[in-house]
Amino acid sequence: MTIAQKRPAGARLDNGFISRLKKQFPNLIPPAIAIAIFLILWQLFAFIPGATLPGPIQVIQDTWILIFWPFYDNGGIDKGLFWQILASLKRVAISYTLAAIVGIGLGVLIGVNQTMSKALDPLFQLLRTVPPLAWVPISLAALRQNEPAALFVIFITAIWPILINTAVGVTQIPQDYNNVAKVLQLSRKEYFTNILIPSALPYIFTGLRIAIGLAWLAIIAAEIVMSGIVGIGFFIWDAYQNNNVSEVILALVYIGVVGLLLDKLMAWIQHKILPAEQK
């Protein structure tokens, strides 16, 4: 009689991970090749006589302490890159959440109210074109402190794509849905939860994905010109002031990676929440 041996759970997990890795391997090759070509070209340009920017090899040599010890904390603003990025992400999380709440609320309001839309649209179109850096002196003059000023700059930058896309989503609700709501005599609450929000959700998520990237850009711009606060933006400015170009380049790489991860996170949340027919 043959006795079946139970396969260890760890082996199944390992095989599952290896299977997924093999499946994704063809998709990893093109970006890996592109990155390798970019690094090689960058290094070749750095070898040109008179080149002012360090190549990737020099950047790693100059910043290896920051790369391998990102968690150090000597007090004040002398902290590793982990703490610098974490401080910036906290500001983004606070302001982005407020922007999402206010933006979706106002978007729904002007989407269902034609008079409100006509009244506020010129103001919104005017304010949304103001660059993040232009809000910095206004926020500093009004709030008098770096931290709340930085939060306001992120909020005012991130709110517009959320607000505008939500309003567009509300106005694009099929008329058939509204007719059904009238026939069934749905209450405002039922209409809001069963028709308005589900129909506008793809537009809302489009605005949220755009806004998270703008929020991350805005915090960098705000921190660069605000002195004495822990954050990746001020880290870049401080490194530039001390002529540490390699540290600036390393910080830019980290900023790009974090921005990519934030976008992927929003895409994952969108994939989980949206119904299959709306994806």
Side-chain angles (χ1 to χ4, degrees), residues 12-48 51-71 80-89 92-93 96 132 154 157-158 161-162 165 202-203 205-221 223-224 231-233 235-236 239-240 244-274 276 278-279:
R12 288 198 300 270
L13 292 175
D14 291 342
N15 289 339
F17 173 76
I18 293 172
S19 298
R20 288 195 299 271
L21 187 61
K22 288 180 179 179
K23 187 180 295 184
Q24 293 295 327
F25 188 72
N27 297 328
L28 297 175
I29 294 177
I33 294 174
I35 292 173
I37 293 174
F38 170 76
L39 292 175
I40 292 170
L41 291 175
W42 176 14
Q43 187 62 58
L44 291 176
F45 278 112
F47 286 144
I48 297 175
T52 56
L53 292 178
I57 296 175
Q58 185 65 43
V59 169
I60 294 174
Q61 290 176 342
D62 293 342
T63 62
W64 65 273
I65 294 179
L66 291 172
I67 295 173
F68 293 105
W69 282 275
F71 301 103
L81 284 175
F82 173 83
W83 303 111
Q84 304 283 356
I85 293 173
L86 182 63
S88 296
L89 284 174
V92 168
Y96 179 76
I154 306 167
T157 303
I162 301 173
N165 278 276
Y203 292 88
F205 268 108
T206 298
L208 290 172
R209 285 191 67 178
I210 296 172
I212 193 66
L214 292 177
W216 185 237
L217 292 176
I219 186 58
I220 305 305
E223 289 177 350
I224 281 178
I232 192 65
F235 174 88
I236 290 175
Y240 171 75
N244 295 324
V245 180
S246 294
E247 292 185 3
V248 174
I249 293 174
L250 177 65
L252 292 179
V253 173
Y254 278 40
I255 289 171
V257 171
V258 172
L260 176 64
L261 293 176
L262 289 175
D263 181 72
K264 294 296 184 184
L265 175 62
M266 286 305 305
W268 179 79
I269 295 174
Q270 179 179 356
H271 178 77
K272 292 295 183 181
I273 292 179
L274 282 183
Q278 291 182 316
K279 292 176 183 176

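Only a predicted model underlies this, so the values are computations on that prediction, with no experimental measurement involved.
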### Query
Can you tell me if W216 uses its side chain to pair, donor with acceptor, with the backbone of G256 under 3.5 Å?
no
#### Entry: Approximate separation, where rounding is to 0.5 Å, of L81 CG and I65 CD1
12.0 Å
### Nearest-0.5 Å distance, CD1 of residue I35 to CH2 of residue W42
12.0 Å
### Task
Report the relative orientation of the aromatic rings in W69 and W64; use parallel for angles under 30°, tilted for 30 to 60°, perpendicular for over 60°.
perpendicular
### Query
Should L262 and Y96 count as side-chain neighbours, where that means a heavy-atom distance under 4.5 Å?
no
### Task
Check for a donor-acceptor pair, side chain of Q58 on one end and backbone N or O of S246 on the other, with a separation under 3.5 Å.
no
### Message
Could you tell me if the side chain of I255 sits less than 4.5 Å from the side chain of I232, heavy atoms only?
### Response
yes
### Query
side-chain contact (heavy atoms from CB on, under 4.5 Å) with F235: which of I220, I224, L66, N244?
L66
### Query
Would you say the side chain of V245 lies within less than 4.5 Å of the side chain of P54, judging by non-hydrogen atoms?
yes
### Atom pair OH/CD1 of Y254 and I249 - distance to nearest 0.5 Å
13.5 Å
### Message
Just verifying a value: how many Å separate I269 CD1 and H271 NE2, rounded to the nearest 0.5 Å?
### Response
12.5 Å
### Query
Between I212, I210, L261, which is the residue that forms a side-chain contact (heavy atoms from CB on, under 4.5 Å) with M266?
I212
### Message
Quick check: do L250 and I67 have side-chain heavy atoms less than 4.5 Å from each other?
### Response
yes
### Query
How far does CD of E247 sit from CG of L252, to the nearest 0.5 angstrom?
12.0 Å
